[in-house]
Peer 1: 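Sharing a structure below in structure tokens format, with a few things to ask.
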Amino acid sequence: MASAGIGERGIRIAIDRGGTFTDCVGNPGTGKMEDDIVIKLLSVDPANYDDAPLEGIRRLLSKFSGTEIPRGEALDTSKIESIRMGTTVATNALLERKGEDIAMVVTKGFKDCLTIGNQSRPNIFALDIRKPEVLYKEVVEIDERVTLEDYAEDPERHETKAPSVEEAGADAELVRGLSGEAVRILKRADEGKIRKQLQQVFDGGLKSIAVCLMHGYTYPQHESLVGKIAREIGFEHVSLSHELMPMIKLVPRATSSCADAYLTPAIRKYIDGFSKGFEGGLGSKSVKRESGSKGARCEFMQSDGGLVDVDLFSGLKAILSGPAGGVVGYALTSYDPNTKIPVIGFDMGGTSTDVSRYGAGRYDHVFETTTAGVTIQSPQLDINTVAAGGGSRLFWKNGLFVVGPESAGAHPGPACYRKEGPLAITDANLFLGRLVPDFFPKIFGKNEDQGLDAEASEKLFEELAAQINKEVAGGNKEKEMSLDEVAHGFIKIANETMTRPIRSLTEARGHDTSKHRLATFGGAGGQHAVAIAEALGISQILIHRYSSVLSAYGMALADVVDERQEPESKVWSDDKETRQYLQNKMEDLKAKSRATLKDQGFDENQIQFEEYLNLRYRGTESALMVIKPSKEDAQMDFDGDDWAFGKAFIKQHEQEFGFTLPDRDIIVDDVRARGIGKTFEGLEKTVDQQLKEIKPTDLAKGDKVYDTRKVYFEGGRQDTAIYKLESLSVGDRIAGPAIIADGTQTIVVTPGATALLINTHVVINIGDSDGQDKQISTEEVDPILLSIFAHRFMAIAEQMGRALQKTSVSTNVKERLDYSCALFDSDGGLVANAPHLPVHLGSMSTCVRKQASIWKGKLKRGDVLVSNHPMFGGTHLPDITVITPAFSGDKIIFYVASRAHHADIGGILPGSMPPHSRELYQEGAAIKSEKLVSEGHFNEKRITELLFDEPGQHPGCSGTRCLSDNLNDLKAQIAANQKGINLINTLMSDYGEQVVRFYMTSIQQNAEVSVRNLLKDVYKRFEGHDLSAIDYMDDGSPIQLKVTIDPEKGEAIFDFDGTGPEVYANINAPEAVTYSAIIYCLRCLISEDIPLNQGCLTPIHVLIPKKSFLSPSDNAAVVGGNVLTSQRVTDVVLKAFRACAASQGDTNNLTFGFGGTSLTAAADGTQHRTEQRGFGYYETISGGSGAGPTWNGTSGVHTHMTNTRITDSEVFERRYPVLLREFGLRCGSAGRGAHRGGEGVVRDIEFRIPVQVSILSERRVYHPYGLEGGGDGACGRNVWVRKVRRKDVDANSDAAREERTGEKQDGDGFMYVNLGAKNTAAMSPGERIVVYTPGGGGWGAEGGESRVRERVDPERGWRKGSVAGRQGVAESSA
């Protein structure tokens, strides 16, 4: 064997161990690309080797030395400078739940914090709610407690000064935490008790623990004590949350600690086995060894894109190890620091497609992401999985082309893999000629020696096309689609599915997609790159020559990183004292980081730092990690001040969210230093430098062509030249249509595009058109276009939602995601409603139709309407709807609307959710129909009158208590609507107004057909019997329903005759609410994605008795109708269809606060408005979901008509004067049965100042029903733990109550008072409200046969960064 030669610096090896293949790139030490050796081998091949990376290194060393090294021999490390690795060990252990068995140690009262999470459900239309299972086997509750002394919403901004822990002494009750906040120690940790508890866990066989205590991020002393005891006992791994990520938020920090404890032992086990294969060992310690064989540097890629020494690699930082290498690879090879053109990374493999972005010369990091159902709090590259990849399965469902999210996987794989697999994207590309079997490895068939099976793909396409043509053409040969058109249709839908989230990723951060390049890598990316780029408006694509092994190449280019972070709470100021304090804190972090990097062998001149402050406006939770301005940026924007963090934050906030809040303080949440040990000196020449110097040569027809094939592009098959990549020379330019391929990738160059070869990349420049423009008919519905428009319309509603969330100010919209956005046709009929809140689904259309009718012929361009009145399509008054018409000439062609829950709009109580309202005026401002904007002018005076002045005129009422938030959120709604109009105008410029309007109608007809088919199926299932049900509100008011189905037409009458009369209370529900409940239930019953629009209701005739509490009079109170009665209507509809047992049937609306405005009469008879500054807080609390025919209920989750998230426990205590005593599952509240219901929750809140507390709830009298013999769920209960004088307390009451209920009593001075379902009380400091929420009903008789079906979420393994985490949560879970 000839030696490849070893350079002076020694061999450098970079490896990416993926799920299917392990990629290895070796360089002899010259650093030149032409000297690299690339090896690709199977990740698992037990017949030939035990460990793929070790085998890859053996093969590389054999090639470099020219001597074959026998397998099993320890490898000589003396010639190796470094080994760098990315691995999927952690990701796979997480996905397959094969990590270490662990225990979680948490503060008493919070043992269920990870089961409940943020209480939202992943899929709002799944009746069988599936939440990710927790990682721990056991929970240990430690009886310790600290809290924060001050609260952020304090109108007086009081700040308690406290000494540091060191200064305060051992018994101090008040100390200064790491964040600078005053911490009150309520209960010290008892070392003896903890030792006993942990010893019990250890003796039970668990050897790894995760510790996360309340406020441990700022007061870590109790966590450290637990850690010390655990190590003394002998636990092999201890993860302390404050060491891993000292950031506020209990749930993500606890999940992260669990993930670390769960994964790190598996990683250490793997690394120990790997290291044994080397003579001198691995890591910086082995390099420093003075005697024996010298080891080699070995670093692992972390999720944040930085390398870390093998000895410091941990589970928490390993989850995105493999994909991070790819991001580093394209970032460093595709971005030019001089031209600064940002790059979108598009990594399409066989099982997933990952998207990321690189701009401004640094990586985009996020601090909360979800992978394999686990939410991680740790710096990670912002990588988002947007589709399942080449293995995405193809379906024809409900008249639409559907791609994924289910994947064929590696086994059986697509149909062409010869394992009888289903149709997938790979099959479509193969059938259309876009994949060349000659270049695919022959690894298929029984003996694994055959190529791709094109006939298998064709056979399945024939079957699918026959089914589609039968439904679409109905025997008319002219209307039938060819196999090519069907296959190409699926490719177009796949591209559309991927384009949506890519656009979100860039636009969510305030970037224009079209101003980027697309860097594509991964095996399947090249087949779709041009179409994706065209859809995004991108004109240039970069495909690296190493694109199929770019993750491994990225490891070779990456830098070693050491991250340090500490919490903070200071208000940002430009004064010298604040700056000096923060600079000192930053320097301390940098010193620690510098020491760690020097210990790994880096010199001072190789170490650089990125300095960050995590900043937010007071009263918001949308913090931005702001980097210290570069000298260049400081000169350009901040008068040379490179510590102008405040100004940099304002600039970034304006870019990302579209507004600033100049009257609010800027809070510093965290100080972060990222130490970088530089190992990458930069490429010889960037892409832009190469493009500048290159002289392209257009290849003549037939020149260097490997073969010519007929390949399908838009409009038909065309003769397409196929080129081997290795046969082409630098400077060759190829005009499309063409295919460039090698053994690992296929690049499709469409007609109109050109491909240019440079040293490092294939550069594709996009031309004018992919084939011929096709005239689109508005006579016949094209099912492919129908599927595309279904995506486009929904994407517009989603992007409106993101714009609203971004530009809003209030917690309700920005964090709780209590809003919805939709678009409507010219009559006000719903076209698309992003699945935000179910209760808004059908009701917004009622509102838009009403307003369209009132203002017919009176509206002009630039007009915007506002309404919230229940008789005008509103649900309850806090939900304000903003409607914008869109014009063509002087004719309205469609409407867009957004509805958001405003935190306060006046009325008798803070939060505008009074439990005892009797008349509508008591619930706040009621707006029937007003112009919010007149021809572009915002009518601030009139909206202020409506929200602030008019509600305060009523007896006992206040105007809105947060006018500035109302105005800001209304402007955000206007901006969201304008976003929707701009997007539809773009759609019209692409397709023409007639086509867009035609498909607006067609998509409604499609939904109508789906519902008609559902009703016909239901009729058959129930053998023609009428469906009926009755249930009761807690006051005894019945909701009665009879459903009569016409099986011929597929129509149904929903008749609510027998429903109780209007109520002199607030559970009256406007008719729009019942329509929302019906549309939600129908969508759940169809259980497949169908467009949610007006068509769903076309086959439904709803009969509601007038003046019943489902169709109340104009002035009836309705605040509970939206949040409570809507849930009962849902229960009744699902009961009639025998779909599932009742869920908690409640939203448990809790509000508290103080302050407001009121009118007082002076002696002279005049009235004066007085205002008390205060705050208001509103939350809804989860419960149990109902069991069904194939599932158990889920505990501690929001059900049916709502899905808002709950404020994290630590944030809750930081913002408000409360102590959360307990937030956990309510054991024993679930209905029993063959399938049990879900448990409700217990939420125990102690108030630290006097506040007015209100609860608005249901199911305190009537139990959530079980079905088919299943038991009922337990009713809820609301208890006021009230301070009383000792003589008023029955000495026996506490003991008797404890014996009766099993609840521990507080002893002297407290009395337990049942508040009932709806009440309000002025609570004093030390008093508590304890909310026990209802459980879900059971299904089937207890002891009966269980038919529970395990359903695997096809998106389980997807990486969910900012799209799903920060911006896109609303689409699926809000």
Side-chain angles (χ1 to χ4, degrees), residues 180 331-332 335-342 357-365 379 509-512 515 559 561-566 568-594 597 603-618 620 622-678 680-682 686 688:
L332 298 181
Y335 180 79
D336 187 318
N338 294 317
T339 60
K340 294 187 170 66
I341 300 170
R357 179 186 177 276
Y358 185 80
R362 62 176 182 271
Y363 301 106
D364 280 346
H365 286 120
R509 289 266 173 103
H511 305 296
D512 181 349
K515 291 184 166 55
D559 295 316
V561 163
D562 182 77
E563 282 265 1
R564 302 278 163 163
Q565 187 166 316
E566 272 196 14
E568 188 46 70
S569 62
K570 218 162 188 56
V571 174
W572 170 262
S573 167
D574 278 317
D575 66 48
K576 191 176 178 185
E577 186 188 341
T578 304
R579 283 187 172 214
Q580 196 59 56
Y581 168 83
L582 292 168
Q583 282 169 346
N584 290 346
K585 202 161 188 174
M586 186 72 80
E587 288 306 318
D588 287 348
L589 294 176
K590 285 165 67 178
K592 290 173 187 171
S593 199
R594 187 179 284 111
L597 290 170
D603 298 329
E604 183 68 41
N605 62 351
Q606 291 176 292
I607 298 173
Q608 296 179 4
F609 288 96
E610 288 177 357
E611 298 170 45
Y612 296 88
L613 294 184
N614 198 25
L615 303 170
R616 63 182 170 85
Y617 281 120
R618 186 188 291 279
T620 73
S622 301
L624 293 175
M625 193 62 78
V626 178
I627 193 168
K628 179 182 167 184
S630 65
K631 285 198 159 45
E632 187 187 340
D633 288 343
Q635 287 297 338
M636 203 180 342
D637 298 323
F638 311 123
D639 301 323
D641 178 6
D642 67 354
W643 246 77
F645 275 101
K647 289 173 185 166
F649 166 76
I650 291 166
K651 182 184 175 189
Q652 194 171 325
H653 202 280
E654 172 74 52
Q655 180 198 330
E656 200 153 322
F657 299 128
F659 68 97
T660 60
L661 299 169
D663 55 338
R664 293 209 192 182
D665 290 337
I666 296 169
I667 308 292
V668 183
D669 268 349
D670 303 275
V671 181
R672 174 186 169 214
R674 183 173 166 87
I676 301 167
K678 296 298 285 183
F680 173 61
E681 294 91 20
T686 66
D688 287 291

Peer 1: Please list, chain by chain and in numerical order, all residues satisfying side-chain hydrogen bond (donor to acceptor under 3.5 Å, both in side chains) with R579, sequence neighbours excluded.
Peer 2: D574, D641
Peer 1: Could you pull out all residues at least two apart from Q565 that satisfy side chain to side chain contact (heavy atoms under 4.5 Å, CB included)?
Peer 2: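 If we apply the side chain to side chain contact (heavy atoms under 4.5 Å, CB included) test to Q565, skipping adjacent residues, the hits are M245, M247, F367, M625, D670, R672.
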Peer 1: Find the distance between NZ (K570) and CG (L615) and round it off to the nearest 0.5 Å.
Peer 2: 14.0 Å
Peer 1: A648 and P629: which non-hydrogen atoms are nearest, and at how many Å?
Peer 2: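 Minimum heavy-atom contact is CB-CG, 4.2 Å.
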Peer 1: Taking the six-membered ring of F638 (Phe, Tyr or Trp), confirm whether the NZ or CZ of K647 is under 6.0 Å from its centre and within 45° of its axis.
Peer 2: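 Pair K647/F638 does not count as cation-pi.
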Peer 1: Can a salt bridge be assigned to the pair E610 and R362 using a cut-off of 4.0 Å between side-chain N and carboxylate O?
Peer 2: no
Peer 1: Report yes or no: does T578 contribute a side-chain atom to a donor-acceptor pair with the main-chain N or O of W572 at less than 3.5 Å?
Peer 2: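 It does not hold such a pair.
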Peer 1: Does W643 have any ring pair (Phe, Tyr, Trp, His ring centres under 6.0 Å) partners at least two apart in sequence or in another chain, and if so, which?
Peer 2: F645
Peer 1: Of all the heavy-atom pairs spanning P342 and G359, show the shortest one and how long it is.
Peer 2: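 Residues P342 and G359, closest heavy atoms: CB-CA, 4.1 Å.
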Peer 1: More than 12 heavy atoms of other residues, nucleotides or ligands under 6.0 Å from CD of E632: yes or no?
Peer 2: no
Peer 1: Start with the C-alpha gap between L589 and V671, add the side-chain angles, then the distance that decides, and say whether side-chain contact (heavy atoms from CB on, under 4.5 Å) holds.
Peer 2: CA-CA 9 Å; L589 294 176; V671 181; 3.8 Å; yes
Peer 1: Working to the nearest 0.5 Å, report the span between CD1 of I666 and OH of Y617.
Peer 2: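 Here the interatomic distance stands at 5.0 Å.
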Peer 1: What pair of heavy atoms forms the shortest contact from M586 to Y612, and how long is it?
Peer 2: CE-O, 3.5 Å
Peer 1: State the CG-NZ distance between L624 and K651, to the nearest 0.5 angstrom.
Peer 2: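 Going from the CG atom of L624 to the NZ atom of K651 covers 13.5 Å.
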Peer 1: Please enumerate all residues that pass ring pair (Phe, Tyr, Trp, His ring centres under 6.0 Å) together with Y363, with sequence neighbours excluded.
Peer 2: Y358
Peer 1: Compare every heavy atom of F609 with every heavy atom of S593, then report the nearest pair and how far apart it is.
Peer 2: CB-CE2, 3.8 Å
Peer 1: So, for S569 and I667, which heavy atoms are closest and what is the spacing to 0.1 Å?
Peer 2: O-CG2, 4.0 Å
Peer 1: Which value, rounded to the nearest 0.5 Å, describes the distance between D688 atom CG and N338 atom CG?
Peer 2: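 D688 CG to N338 CG: 8.5 Å, rounded to 0.5 Å.
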Peer 1: List in chain and number order the residues that pass side-chain hydrogen bond (donor to acceptor under 3.5 Å, both in side chains) with D669, two or more places apart in sequence or in another chain; answer none if no residue qualifies.
Peer 2: R616, R1214
Peer 1: Under 3.5 Å, side chain of D603 to main-chain N/O of N605, donor-acceptor pair present?
Peer 2: no
Peer 1: Indicate every side-chain donor-acceptor pair of residues 657-665 with a distance under 3.5 Å to a residue at least two apart or in another chain.
Peer 2:
| residue | atom | partner | partner atom | Å |
| --- | --- | --- | --- | --- |
| R664 | NH1 | R618 | O | 2.9 |
| R664 | NH2 | D965 | OD1 | 2.9 |
| D665 | OD2 | R618 | NE | 3.2 |
| D665 | OD2 | R618 | NH2 | 2.9 |

Peer 1: Output the distance between atom CD (Q583) and atom NZ (K590), rounded to the nearest 0.5 Å.
Peer 2: 9.0 Å
Peer 1: How long is the gap from CG on D559 to CD on Q606, to the nearest 0.5 Å?
Peer 2: 10.0 Å
